[in-house]
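Structure first, then comments.
For clarity, every value in this text was computed on a predicted model and none was experimentally measured.
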Number of protein chains: 2
Amino acid sequence: MGRPSRFDTDALVETAITVAARGGPAAVTMVAVARAAGAPSGSLYHRFPGRPALLAAVRLEALADFQEGLRAVLAVADPLAAATGAARHVVAWSRTRPDRARVLLYSPVDFEVERWPVAERERMERGNARSGAALVGIAEALRAPEEAAGPALERTRMAVVDLPLALVRRHLSGGGEIPAEAEDAAADAAYRLLAPRP
Amino acid sequence: MGRPSRFDTDALVETAITVAARGGPAAVTMVAVARAAGAPSGSLYHRFPGRPALLAAVRLEALADFQEGLRAVLAVADPLAAATGAARHVVAWSRTRPDRARVLLYSPVDFEVERWPVAERERMERGNARSGAALVGIAEALRAPEEAAGPALERTRMAVVDLPLALVRRHLSGGGEIPAEAEDAAADAAYRLLAPRP
DNA sequence: TGGTTTTTAGAGACACCCCTCTAATAATGG
DNA sequence: CCATTATTAGAGGGGTGTCTCTAAAAACCA
């Protein structure tokens, strides 16, 4: 099998994630990650064809981890419970995995998606499509009889993803931590946004 | 008065804003902005002592423009109307000034606030304090009798600032535009979040 | 043991950026 | 018209980053 590796891919991605969490995607350079991992740059290039691939690995790791849990929560039968649970999950996940959450607070553009290798870009689109489909299901179940599909989806996405992430953003950007109460706040807000009008 | 200037400070800040909107704070380098403005880098250094000062100018211009309008809307007498109006304003402002909005979607850390000249940092803190005070007033007026001050402020800030900005973020990050309906969505969501429970 | 394979190790070419510094330029005031 | 002054113009040093390429190291396998 040849010489055993001193730095395995997962560990390198992990340090790249902490670098990204601390300094944003711009700080994720090949040299910076190599230095942080105590590896020579050659070892990095041995695993990632270039910086775009490294950025993709960082983003995809965070995204997959996030979406996996989200989809599990969204699978609950009662749509309102699924939605409030998902809102709570977004905050809870971010609280326990702040570095990965910080990665997700940046936009795809910041991670230079347009330069990613095609395989990685497709992997991201597949993940987004799967989660998007789960969300559409919930939105449809919650939709008021007279409401159009578009606005209903908008409202659901806002309650389940955007609003919790906004909460997370305010706490994390600035170096702080997320308080436990934020989970309740997210769930409560989602309920208010999605419960049928009185 | 000496030789008249070919590039005035405001115009340079303006091009810096479009550079920042397109490529994020990382793209705002002295050379990049100089190139975009068609000016030699020396002209830039003549007006800004260095990159941190340029980043500060970009951020402060966007922030001042945003907060000015926000405070005006928050000054409305009825607190619930002020809050929903403010939420609407955040989206409306972002819709008409997408480049400035894009600048505000990044965190202070991304703009390297810690390296700014002190004067600029203080100017930012003063602006934040003023807007924060206006928000505290609204939050206090909206607070339910049995609610504590902290959570009430959290809820108000979320409805008035975070959630509208989250909406804006989804549309702007990715290069798109903000649809006009988003203003209604923001105002509606703010109402649902802040109106007294049935 | 000796060949094969995988990986580390790091030097080096090239590009870009920050910033300094010196000249040249073009207006104004006496 | 000349001195003054604000500004443009851009060359160049020093630093850092990307990526390539060669050599050595360290395991496995026959």
Side-chain angles (χ1 to χ4, degrees), chain A residues 1-20 22-59 106 110-120, chain B residues 1-20 22-59 106 109-118 120:
Chain A
M1 281 267 254
R3 174 176 176 174
S5 54
R6 251 169 44 105
F7 314 94
D8 77 332
T9 307
D10 288 356
L12 288 176
V13 171
E14 205 57 43
T15 55
I17 285 178
T18 73
V19 170
R22 199 182 310 273
V28 181
T29 70
M30 299 300 266
V31 232
V33 173
R35 260 204 299 264
S41 71
S43 298
L44 258 182
Y45 278 98
H46 184 71
R47 291 183 174 73
F48 305 95
R51 197 173 99 98
L54 177 60
L55 281 171
V58 167
R59 178 78 174 193
Y106 287 91
D110 295 323
F111 272 86
E112 303 178 31
V113 183
E114 68 279 359
R115 300 193 190 174
W116 289 11
V118 265
E120 271 78 357
Chain B
M1 282 266 254
R3 174 177 177 175
S5 54
R6 251 170 42 101
F7 313 95
D8 77 332
T9 308
D10 288 356
L12 289 176
V13 171
E14 205 57 44
T15 55
I17 286 179
T18 73
V19 170
R22 200 182 309 273
V28 182
T29 70
M30 298 301 266
V31 226
V33 173
R35 259 204 298 265
S41 72
S43 298
L44 259 183
Y45 279 100
H46 184 70
R47 290 183 174 72
F48 304 96
R51 198 171 96 100
L54 177 60
L55 281 171
V58 167
R59 179 77 173 192
Y106 288 91
V109 178
D110 295 323
F111 272 87
E112 304 179 31
V113 184
E114 67 280 359
R115 299 192 190 175
W116 289 11
V118 265
E120 270 79 356

Practice problem: Can you sort out the partners of A:Ala56 under side-chain contact (heavy atoms from CB on, under 4.5 Å), two or more places apart, ordered by chain and number? | Solution: A:Trp116, A:Glu120
Exercise. Could you pull out all residues at least two apart from A:Arg35 that satisfy salt bridge (charged side-chain N to carboxylate O under 4.0 Å, His left out)?
Key: none
Quiz item: Looking at CG of B:Leu12 and CD1 of B:Ile17, how far apart are the two atoms once the value is rounded to the nearest 0.5 Å?
Solution: 11.5 Å
Quiz item: side-chain contact (heavy atoms from CB on, under 4.5 Å) with B:Pro52: which residues, sequence neighbours excluded?
Solution: B:Arg115
Quiz prompt | Whole angstrom value for the distance that separates P of C:dC17 from CG of B:Leu55 | solution = 14 Å
Practice problem: Could you state the atom-to-atom distance from CZ of B:Arg6 to C1' of C:dA27 in whole Å? | Solution: 14 Å
Quiz: residues 40-50 of chain B side-chain donor-acceptor pairs under 3.5 angstrom, not counting sequence neighbours:
{"unit_1": "B:Arg47", "atom_1": "NE", "unit_2": "B:Phe7", "atom_2": "O", "d": "3.3"}
{"unit_1": "B:Arg47", "atom_1": "NE", "unit_2": "B:Thr9", "atom_2": "OG1", "d": "3.4"}
{"unit_1": "B:Arg47", "atom_1": "NH1", "unit_2": "B:Phe7", "atom_2": "O", "d": "3.4"}
{"unit_1": "B:Arg47", "atom_1": "NH1", "unit_2": "B:Ser43", "atom_2": "O", "d": "3.3"}
{"unit_1": "B:Arg47", "atom_1": "NH2", "unit_2": "B:Phe7", "atom_2": "O", "d": "2.6"}

Self-check item: Under-4.0 Å side-chain N/O to phosphate OP1/OP2 contact, B:Ser43 with D:dT8
Solution: yes
Quiz item: Is a side-chain donor or acceptor of B:Thr29 paired with a backbone partner of B:Ala32 at a separation under 3.5 angstrom?
Solution: yes
Quiz prompt | Whole-Å distance separating the CZ atom of B:Phe7 from the P atom of C:dT25 | solution = 16 Å
Output a table of nitrogen or oxygen pairs between the protein and nucleotides 12-18 of chain D separated by less than 3.5 Å.
{"unit_1": "D:dT18", "atom_1": "OP1", "unit_2": "A:Met30", "atom_2": "N", "d": "3.4"}
{"unit_1": "D:dT18", "atom_1": "OP2", "unit_2": "A:Met30", "atom_2": "N", "d": "3.0"}
{"unit_1": "D:dT18", "atom_1": "OP2", "unit_2": "A:Val31", "atom_2": "N", "d": "3.4"}

Quiz item: For A:His46 and D:dA25, what is the distance between atoms NE2 and P respectively, to the nearest whole Å?
Solution: 18 Å
